[in-house]
Structures are given as structure tokens and as C-alpha cells.
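This report concerns only the one structure given below.
Because only heavy atoms are used, hydrogens play no part in the values below, and waters and symmetry mates are left out as well, while side chains stay in.
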Amino acid sequence: MIQVSFDFRQIVGPEDSKADNFSALCSRLIIRLNPEAKPVDGKGGDEGLDTYIGMFNGQCRAFQHKYFPERVGKSQRAQVEKSLITATKKHGIKCWTLMLPINLSPDEIRWFQGLQKKYRPLVMDWWGKDKLCELLTGHRDILREFTPAKPIQILILDSKSLGHNLT
């Protein structure tokens with residue numbers, strides 16, 4: 001099987017923004033992996049989870065999609081922790097997974113490990129670009145829905161350029 005590589009900065013799809021398309025892609029992929037999963041419409045607040053498996057206000061596995069296509073800086077880290085705090089207060093989450101369109105840098109990994117220690121015993125994980133590409137390798141129909149269309153070139157030849165006289 002050929003490995004998928006995808007630049008999430010080029011994501012397109014049925015939603016209004018790249019962030020919304022990234023979230024839709026993540027939800028579709030999670031649902032494909034676990035048909036019991038359900039997406040949350042985040043308009044008006046998603047309560048710290050974008051997709052979940054289990055009971056919404058009970059024990060659930062929560063997925064938070066954050067479209068940070070460059071790095072996870074100070075303001076992005078604050079957004080992530082705010083989502084995490086909201087999810088733990090409003091839901092009985094047993095596992096929380098952060099989904100990003102990039103792989104974390106060493107500094108970002110240390111930051112995430114600090115969050116894991118701070119919110120122990122909550123089980124936390126992150127899925128980045130390579131993990132998502134690996135999962136999309138087996139679900140190319142989902143990938144195609146969010147991939148920019150390749151431009152089509154049409155070459156029009158007349159009979160003179162073909163060297164034929166058709167008259």
C-alpha cells in the first residue's frame with residue numbers, strides 16, 4: 001500500500017474554512033475507525049470536545065481538533081488547555097486526544113507531557129500529521145474529499161497542427 005502524504009495547509013472541503021474542514025476530516029476519520037463516534041457542532045461552543053465516543057455527559061473518549069498548521073505557540077497552548085479544562089469540567093472524560101495537522105516539535109512534546117502530568121489520571125494523547133496520514137492511507141475516500149482538485153489541462157488541436165487536412 002502506498003503511504004499517504006498530505007499538506008493540511010492545502011485542505012479544502014464542504015465547510016467554510018480550513019479549520020472547519022480539518023475538524024470535519026478528523027470527525028469522519030474517527031467515525032470510520034469507530035462507528036459509535038459522534039461529532040459535536042462547535043458553533044456556540046463545543047465544550048472542549050469535537051468528536052466523542054460514549055456518553056456526551058458521561059464516560060466518554062474525547063477528541064479535540066485544533067487547526068494549528070504552523071506551530072503550537074503560547075496562544076495556541078492556552079486554547080488547548082482551555083478546551084481541556086472545559087472538557088474535564090463538563091464531561092466525564094476518561095481519555096482525551098488532541099488532533100493537529102502538524103507533528104509536535106521537541107519543545108511542544110515537553111509542553112504536552114507537562115499537560116499529561118498536570119491532568120493525571122486522565123489519559124491523554126495527541127495525533128499529528130504523520131498519524132493522520134497513516135490512518136488516511138487506509139481511507140483514501142475521506143482524503144479525496146478534502147484534497148484540492150488537480151487542475152485539468154485541455155489541449156485543443158486543430159487539423160493543421162495535426163498535419164492533416166480534414167476538408
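The distance from atom CH2 of W127 to atom NE2 of H65, rounded to the nearest 0.5 Å, is 9.0 Å. Expressed to the nearest 0.5 Å, how far CZ of R9 lies from CD of E70 amounts to 5.5 Å. Separating the OG1 atom in T147 from the CD1 atom in I11 is a distance of 8.0 Å, to the nearest 0.5 Å. If you take NZ on K38 and OG on S27, they are separated by 12.5 Å, rounding to the nearest 0.5 Å. Here the CH2 atom belonging to W126 is positioned 5.0 Å from the CG atom belonging to N103, to the nearest 0.5 angstrom. To the nearest 0.5 Å, atoms OG1 (T88) and CG (L122) are separated by 7.5 Å.
Of all heavy-atom pairs spanning P14 and F146, the tightest one is CD-CE2, 3.8 Å. Between P69 and I102 the shortest heavy-atom distance is O-CG2, 3.3 Å. In terms of heavy atoms, T86 sits closest to G48 at CG2-N, 3.9 Å. Heavy atoms only, all atoms of each residue included: P101 and F8 are closest at CB-CB, 3.4 Å.
Between I93 and Y52, every side-chain heavy-atom pair lies at or beyond the 4.5 Å cut-off. Residues I30 and M99 are in side-chain contact: their nearest non-hydrogen atoms beyond the backbone lie under 4.5 Å apart. D107 is not listed as a side-chain neighbour of W111, based on a closest heavy-atom distance of 4.5 Å or more. At a threshold of 4.5 Å between non-hydrogen side-chain atoms, the residues Y119 and I85 count as touching. Within the 4.5 Å cutoff, the side chain of I31 has heavy atoms near those of the P39 side chain. Between L115 and M124, the closest side-chain pair of non-hydrogen atoms falls below 4.5 Å. Using a 4.5 Å cut-off on side-chain heavy atoms (C-beta onward), H139 and R28 make no contact. Put simply, the side chain of L84 does not reach to within 4.5 Å of the side chain of Q64, judged on heavy atoms.
Considering D50, I53, L98 in turn, I53 is the only one that fulfils the side-chain contact (heavy atoms from CB on, under 4.5 Å) rule with F63.
D125 places no side-chain N or O within 3.5 Å of a backbone atom of T97 that could act as its donor or acceptor partner.
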**Message:** Using the rule given for salt bridge (charged side-chain N to carboxylate O under 4.0 Å, His left out), can you reason through D141 versus R32, listing the C-alpha separation, both sets of side-chain angles and the distance that settles it, and then say yes or no?
**Reply:** CA-CA 11 Å; D141 59 317; R32 182 69 57 86; 2.8 Å; yes

**Stepwise side chain to side chain contact (heavy atoms under 4.5 Å, CB included) check, K66 with S83** = CA-CA 10 Å; K66 292 291 188 188; S83 293; 3.1 Å; yes

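Under the 4.5 Å side-chain heavy-atom criterion for ILVMFWY residues, a single connected hydrophobic cluster contains both W96 and F56. L33 and V123 fall into different hydrophobic clusters, defined by Ile, Leu, Val, Met, Phe, Trp and Tyr side-chain heavy atoms under 4.5 Å apart, directly or through other members.
Within 6.0 Å of the CG atom in D16, the count of heavy atoms belonging to other residues, nucleotides or ligands does not exceed 12.
With sequence neighbours excluded, the residues satisfying side chain to side chain contact (heavy atoms under 4.5 Å, CB included) with Q76 are F68, V72.
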